[in-house]
There are 2 protein chains.
Amino acid sequence: MPGNTSSKRTQKTNCLIEKMGYYLDLSDPDIAHLASLQKHEQTWRQRDIVRESGAPADLLYVVKSGWCYSYTIMVDGRRQVLQIHHPGDVIGIPDVAYERAVTGLQAATDICLCPFPKNRLDEIFRDSPRLTALIMTLGMMDHVVLLDRIRTIGRMNADERVAHFLLEIVSRLRITSSDITDTFDLPLSQELIGDALGLTNVYVSRTMSLMERAGLIQRMDRAIRICDERALKDMADFQDRYYRIDTSWFPGGTAPALEPNT
Amino acid sequence: MPGNTSSKRTQKTNCLIEKMGYYLDLSDPDIAHLASLQKHEQTWRQRDIVRESGAPADLLYVVKSGWCYSYTIMVDGRRQVLQIHHPGDVIGIPDVAYERAVTGLQAATDICLCPFPKNRLDEIFRDSPRLTALIMTLGMMDHVVLLDRIRTIGRMNADERVAHFLLEIVSRLRITSSDITDTFDLPLSQELIGDALGLTNVYVSRTMSLMERAGLIQRMDRAIRICDERALKDMADFQDRYYRIDTSWFPGGTAPALEPNT
DNA sequence: CGGTACTTTGACCGACATCAACAAGCGTGG
DNA sequence: CCACGCTTGTTGATGTCGGTCAAAGTACCG
């Protein structure tokens, strides 16, 4: 069993295995596989650029600690933040389809990532159909989260967007940190949040101030407390995409993976 | 055969195989697999709802002819169109992760789809790692297209959004119809386009009129002619995600699939 | 012919952007 | 220890892009 430190969020010995294990019973070989993806690790400081958009897309990354984000820059300099990556996430699955990275990758806090070459996926595909299915499923979850994001940006106004954003973050954190209830640290600038939601930093500030005054949330330093989760969920029409997935179709039933083929 | 119109575009004998074959040399067993997914077919009339959001997500669909789209409805009745599906597309890969469908699915034109149960994917995973990789890759392409969409909706103004939208459609059509150069039929109402781009039908109308007056596009009935593709690409910062993918990491090299494993 | 779906155009309005100024916190270097 | 720059958050004044509402025109279809 992956160890349990006393730290609140990031310092689990192995976030990836913990996250995967949340969804599925992992066999020993599967655990070994996952662990081997994290042999090499590398750290970056806050605001460091891990990978530029357009760079060769030969690496994937497992987030070991800290937060980072994928983004694109428009010709006129505007930025769109596409995804926030938390400990336990595998970054870059979509880039696998292309020779060059579609998005940039930047550190939101000091981070530790474990890069691994994308052809390592190939091994997993051969050795463990069950792990393959899980990795695919995690990719599809990301996909669905993007659909939610499109809906949010395309058809919701500022306060609904912010509410949705906060709820998504909490849901995500709750997977790997079951002790999180309503308060969490949000190490993201309002400019970043704005760039994720298609708003400006100024309007994010106004919106969050209003939400706080309305008693929906509370802010202490960079920590956020969700005061009225029910109300937030209602206003943002929020669905938790992280809580539960369908593993019924996975090869090998719900038991740990059997020996691969014949 | 479902009624055969004289139409020039959709009535290829097998769009899925054609599209897959565009990216990869397919082995005979692979072709057989793909063909078997399309044994059953079913037709819907324009505006019919194929599947409601929240329905059991046990089926995937291959589009045989016609256009349809995925969407979500907000509590206040507003709609966000998430994806347009063309002949050859596989619909519902992301729904595989969940027990219930995340999006609704509706016919934009009269359509013919081939539904197949999602556990059929399981077979493919076992039998053909190469086809597995391709299906995953197609899923990731969709993913990347969604990233583009987020960028478009989040940070671009109306004319840039429309330009991007049109270019994406042409790129997509060009995969399965190499004869399309600059003119194509666009069987989508402006309301639908607006719902896809986070705009209103009114403003889509205004925008397209302006673009026509500016000589960027030309409209005859429902057909669109891209008059100045260069200019459109520049204004929308458009990247073609469909033209070329990376298959170098696929199992079995670039040759037609070898016998699986060992 | 009447009904429905779709497009177009005009008048008006509002949500959010833009610009700008200020304050607070923090790391760095003297 | 203070000074400085940098990043971040807040608040106000003003502007604009796209929404809303409404009406009229057109095409299609039963």
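A quick note: this is a predicted structure, and the numbers were derived from the prediction, not measured.
Annotation: salt bridge (charged side-chain N to carboxylate O under 4.0 Å, His left out) contacts of B:D228 (sequence neighbours excluded): none. A:Q218 is linked by a side chain to side chain donor-acceptor pair (under 3.5 Å) to A:R225, counting only residues two or more places apart in sequence or in another chain. Taking the salt bridge (charged side-chain N to carboxylate O under 4.0 Å, His left out) definition, one finds that B:R78 meets it with nothing, sequence neighbours left out. In this structure, A:R100 has no salt bridge (charged side-chain N to carboxylate O under 4.0 Å, His left out) partners at least two apart in sequence or on a different chain. Under the ring-ring contact (aromatic ring centres under 6.0 Å, His included) criterion, A:H164 pairs with A:F238, sequence neighbours left out. Under the side-chain contact (heavy atoms from CB on, under 4.5 Å) criterion, A:R51 pairs with A:A55, A:Y61, A:D95, A:A101, A:T103, A:L105, sequence neighbours left out. The salt bridge (charged side-chain N to carboxylate O under 4.0 Å, His left out) test applied to B:D240 returns no partner, not counting sequence neighbours.
For residues 150-160 of chain A, every residue pair satisfying the side chain to side chain donor-acceptor pair (under 3.5 Å) rule, not counting sequence neighbours, is listed here: A:R151-A:D237, A:R155-B:D195.
Remark: B:G198, B:L199, B:T200, B:V202, B:Y203, B:R206 in residues 195-218 of chain B come within less than 4.0 Å of DNA chain D through at least one heavy atom. For the segment residues 148-164 of chain A, the set of residues with a heavy atom within less than 4.0 Å of an atom of DNA chain C comprises A:N157, A:A158, in numerical order.
Of the candidates A:Q80, A:H85, A:Q83, A:H85 is the only one forming a side chain to side chain donor-acceptor pair (under 3.5 Å) with A:S70. When each of A:E41, A:Q38, A:Q42 is checked for a side chain to side chain donor-acceptor pair (under 3.5 Å) with A:K64, only A:E41 meets the rule.
For B:Y22 (side chain) and B:Y243 (main-chain N/O), a donor-acceptor pair under 3.5 Å exists by modelled atom type.
At its two ends the helix from C:dC1-D:dG30 to C:dG30-D:dC1 runs along axes set 40° apart, each axis drawn from five pairs and the angle rounded to 10°.
The side chain of A:R219 contributes an N or O atom lying less than 4.0 Å from OP1 or OP2 of D:dT10. Neither OP1 nor OP2 of D:dT7 sits under 4.0 Å from any side-chain N or O of A:Q190.
Atom CD of A:E191 is separated from atom P of D:dC6 by 16 Å (rounded to the nearest Å). What separates CZ of A:R222 from P of D:dT8 is a distance of 7 Å, to the nearest Å.
Think of the region where chain B sits on DNA chain C: with heavy atoms and a 4.0 Å cut, that region ends 5' and 3' at C:dA5 to C:dA11.
No salt bridge links B:E168 with B:R241; every basic N to acidic carboxylate O contact stays at or beyond 4.0 Å.
Crowding of A:E212 atom CD: a count of heavy atoms from other residues, nucleotides or ligands under 6.0 Å exceeding 12.
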